[in-house]
Chemist: 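First the structure, which I've put down as structure tokens, then a few questions once you've had a look.
Numbering of ligands and ligand atoms starts at 1, following listing order.
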Amino acid sequence: MTTQQLNTKIIHSIPVDPLTGAISVPIYQTSTFVQEAPGIHKGFDYSRSNNPTRKVLEDLLATLEHGHAGFAFASGLAAIDAVLKLLSAGDEILAVDDIYGGSFRLFTHVYEKFGIKVNYVDTTRIENVINQITPKTKMIWIETPTNPTLKISDLRAISAIAKTYEALLIVDNTFASPALQQPITLGADIIIHSATKYLGGHSDIIAGAVITKTLELSEKIKFIQNATGSILGPFDSWLLIRGIETLPLRIEKHSSNAIAIAKYLQEVSFIDKLYYPGIESHFNHKIACKQQSAFGSIISFSLKQDTIADAEKLVSQTKLFKIAESLGGVKSLICHPAQMTHKSIPEENRKAVGIQDSLIRLSVGIEDPTDLINDLKQAFKATFVAQKSLIPA
Ligand SMILES: Cc1ncc(COP(=O)(O)O)c(C=O)c1O
């Protein structure tokens, strides 16, 4: 499907309000709904269980991800937490080693004490998945691309292994977004999102999503969502619907900007490793081309002078790239994972998955690419002032 066709599909999957004809989805800011008689109502009785604004969003999420049903949560971590509640004590998860720090923290510091064991492997190598999966593995947990080294795992191949072991394949699709990759069509059972990122797209909400493939999984997640209550409120649901309306357009611009910046960074002599799945030298470029339609806006790189101090100096020099956690918004951001997003991962584990002291992550926004490149150029100059001659013009 082209970006233009996806635009049409999204915009026209959002219904006109049947009651009033409002073209924008009304915000049903209500906790409860008046019933004609006890138990007789219009399909809504209490907003934790169901809310008309959230329902439009949840249906849209299911459509976008080719799922059976969608569920909106108060944050990406609340969405992940709901999926983890499908497990029982003694179950195991096989997870990608370069996982988002907050997922690692939730697995380790909350779920391990309830008897859930997590084994981390480099899932870009399919033999690691085959070797590490056991009859106790109930979920294979993949992020692709990963955060922040942008590893790509082969979802079709992993899904075949998951099926053999009757394990669920869970895909955190935050980094690609459904505009670039649809994991259910590649064999995933459940998709989760930090909708805070590309789906929202404007750095103005915290939200999460779960999309399920089958009726059975939908019923289980619906039960957990209602029983534990970490739902997304009506106003944030509306903001998320509004963000999704422009998702394909934004992602197209994010991706073309990122390609231009990655090409510039390839020539910068201070850079050691450059991570962007859209460039041929990326170790997973081929599989990225196979399962994604473009490569998104996240670029990471490490410095030849691999120190926290140098990275800190560089990220402090950019003017358009603002220092902030998060990603996927229209404004460009720069982040130093060792001191920010991945601070909760022990140094040893962090380095083992390639997050060096100097690793810097860019979330490329939708500004003019030349302005963004010029901003990086002046930041490199200001950081490595004594070695100016090494900077390409
Ligand atoms: C890949 C990924 N998954 C999940 C999350 C958690 O989402 P949230 O911050 O919305 O709770 C994040 C947050 O950065 C993330 O990057």
Chemist: Taking a 3.5 Å cut-off between nitrogen or oxygen atoms, can you list every pair linking ligand 1 to the protein, with distances?
Modeler:
unit_1	atom_1	unit_2	atom_2	d
ligand 1	3 (N)	Asp172	OD2	2.7
ligand 1	7 (O)	Ser194	OG	2.9
ligand 1	10 (O)	Gly76	N	2.9
ligand 1	10 (O)	Ser194	OG	2.8
ligand 1	10 (O)	Thr196	OG1	2.6
ligand 1	11 (O)	Gly76	N	3.0
ligand 1	11 (O)	Leu77	N	2.9
ligand 1	14 (O)	Lys197	NZ	2.7

Chemist: Just checking, any donor-acceptor pair under 3.5 angstrom between side chains of Thr174 and Glu143?
Modeler: no
Chemist: For residues Ile190 and Ile142: do they belong to one hydrophobic cluster (side chain heavy atoms under 4.5 Å, members Ile, Leu, Val, Met, Phe, Trp, Tyr)?
Modeler: no
Chemist: Specify the closest pair of heavy atoms between Phe384 and Gln305, including all atoms of both residues, with the distance to one decimal.
Modeler: CE2-NE2, 3.8 Å
Chemist: Which one of Asn147, Thr146, Thr144 satisfies the side chain to side chain donor-acceptor pair (under 3.5 Å) criterion with Asp98?
Modeler: Thr146
Chemist: Measure the CD-CZ distance between Gln225 and Phe71 for me, rounded to the nearest 0.5 Å.
Modeler: 6.5 Å
Chemist: Tell me yes or no: between the side chains of Asn226 and Lys222, is some donor less than 3.5 Å from an acceptor?
Modeler: no
